[in-house]
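See structure below.
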Amino acid sequence: MKKGFSIVILILIGCSPKENPQTEPAPKYEWYGHEVVASAYNSVFWQTDSISPTVAAWGDTLKPGMKSIAVSRDLIKMGLTHNTMVKIDTFPDTFYVKDKMNYRWRNRIDIYMGKNVKKAREWGRRKLIICYAVPTDSILNITNEKD
């Protein structure tokens, strides 16, 4: 009887759920939503400050078809820095911050539309929601700096 009882105990112990030693990896990004005014821009000389209208503020070369945006300087302080991933509520694609806007603009983004001025004018200006990704390690650094 003792032998049968021992076998039952061993079976029960062997079948009990084990703790999963693998934990979920920490997310690489924290996503934030924000309402902005969005307009569109093109890489044409009369819309840019540059002699070379295809060169953005951080030195990236813009090419038609790129999914990039320019952001106002106040948004940079909120975490929308160079190469930040941005989802715009009316587009299925992910955009990247590649350019900065003039200091006079606040709470704005400009969506890059290549050289198609007509398309940019049809887009116009509208309020919309964006979601942007901030690396979690930079969030930790910000909170640690405040301590």
Side-chain angles (χ1 to χ4, degrees), residues 8-147:
V8 170
I9 296 293
L10 288 175
I11 291 173
L12 290 175
I13 291 172
C15 294
S16 64
K18 293 186 172 111
E19 300 252 347
N20 187 356
Q22 297 175 349
T23 58
E24 289 288 320
K28 292 182 180 182
Y29 299 98
E30 185 76 29
W31 287 86
Y32 295 95
H34 188 69
E35 184 178 51
V36 296
V37 174
S39 52
Y41 78 112
N42 309 100
S43 50
V44 293
F45 74 92
W46 50 273
Q47 288 186 19
T48 64
D49 293 344
S50 176
I51 295 170
S52 179
T54 58
V55 177
W58 277 293
D60 298 288
T61 301
L62 301 176
K63 297 175 186 160
M66 286 180 76
K67 302 297 181 190
S68 69
I69 62 171
V71 295
S72 58
R73 311 274 172 143
D74 60 328
L75 296 179
I76 295 170
K77 294 173 185 172
M78 290 176 52
L80 281 108
T81 59
H82 184 238
N83 284 330
T84 298
M85 292 184 292
V86 179
K87 295 184 184 223
I88 302 171
D89 69 0
T90 57
F91 292 93
D93 302 313
T94 299
F95 288 75
Y96 293 88
V97 176
K98 297 287 185 182
D99 209 352
K100 303 174 196 176
M101 298 174 77
N102 189 290
Y103 287 99
R104 73 177 175 261
W105 300 115
R106 297 278 178 259
N107 201 43
R108 289 188 68 145
I109 66 167
D110 262 351
I111 301 167
Y112 179 65
M113 295 197 175
K115 295 187 179 194
N116 192 339
V117 176
K118 182 180 178 186
K119 183 179 175 184
R121 285 187 176 149
E122 287 173 357
W123 169 261
R125 182 178 64 220
R126 34 184 116 160
K127 280 187 177 182
L128 48 79
I129 302 290
I130 61 169
C131 292
Y132 61 99
V134 175
T136 53
D137 61 345
S138 67
I139 294 169
L140 294 174
N141 289 339
I142 291 169
T143 57
N144 289 340
E145 289 173 6
K146 291 180 181 178
D147 291 340

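Computed from a predicted structure; not experimentally measured. Hydrogens, waters and symmetry mates are skipped; everything else that's a heavy atom, side chains included, is used.
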Next item on the list: Identify, with sequence neighbours excluded, every residue that meets side chain to side chain donor-acceptor pair (under 3.5 Å) alongside Asn116.
Entry: none
Checklist line | Closest non-hydrogen atom pair between Trp58 and Thr81, with its separation | finding: CH2-C, 4.1 Å
Next item on the list: Not counting sequence neighbours, which residues clear salt bridge (charged side-chain N to carboxylate O under 4.0 Å, His left out) with Asp60? List them please.
Entry: Lys98
Notebook entry, point to check: Considering only heavy atoms from C-beta outward, does the side chain of Trp31 approach that of Lys87 to under 4.5 Å?
Noted result: yes
Note to self: For Ser43 versus Lys115, what's the shortest heavy-atom pair and its separation?
What the structure shows: OG-CG, 3.8 Å
Checklist line | side chain to side chain contact (heavy atoms under 4.5 Å, CB included) evaluation trace for Met113 with Asn42 | finding: CA-CA 5 Å; Met113 295 197 175; Asn42 309 100; 4.0 Å; yes
Check: Just how far is it from atom CG of Leu62 to atom CG of Asp99, taken to the nearest 0.5 Å?
Finding: 6.0 Å
Note to self: Could you work out, with ring-ring contact (aromatic ring centres under 6.0 Å, His included) as the rule, every residue matching Tyr96, not counting sequence neighbours?
What the structure shows: none
Notebook entry, point to check: Quick one: does Asp74's side chain have a donor or acceptor within less than 3.5 Å of a partner on Asn107's backbone?
Noted result: yes
Notebook entry, point to check: Where is the tightest heavy-atom contact between Glu30 and Thr136, given as atom of each residue plus distance?
Noted result: N-CG2, 4.0 Å
Next item on the list: Identify the two heavy atoms, one from Thr84 and one from Gly79, that lie closest to each other, and give their separation to 0.1 Å.
Entry: OG1-O, 3.4 Å
Next item on the list: Report the C-alpha separation of Trp123 and Phe91 in whole Å, then their side-chain angles, then the decisive distance to 0.1 Å, and conclude whether the ring-ring contact (aromatic ring centres under 6.0 Å, His included) test is met.
Entry: CA-CA 12 Å; Trp123 169 261; Phe91 292 93; 5.4 Å; yes
Note to self: Contact between Asn83 and Val97 at the side-chain level, heavy atoms closer than 4.5 Å - yes or no?
What the structure shows: no
Item checked: Of Val71, Ile69, Asp89, Leu80, the residue whose pairing with Ile130 passes side-chain contact (heavy atoms from CB on, under 4.5 Å) -> Leu80
Check: What pair of heavy atoms forms the shortest contact from Met78 to Tyr132, and how long is it?
Finding: O-OH, 3.4 Å
Next item on the list: Could you point out which residue of Arg108, Arg125, Arg126, Arg121 forms a side-chain hydrogen bond (donor to acceptor under 3.5 Å, both in side chains) with Ser39?
Entry: Arg108
Note to self: Restricting to non-hydrogen atoms, name the atom on Tyr112 and the atom on Pro64 that form the minimum distance, rounded to 0.1 Å.
What the structure shows: OH-N, 3.7 Å
Notebook entry, point to check: To the nearest 0.5 Å, how far apart are CD1 in Ile88 and OG1 in Thr94?
Noted result: 9.5 Å
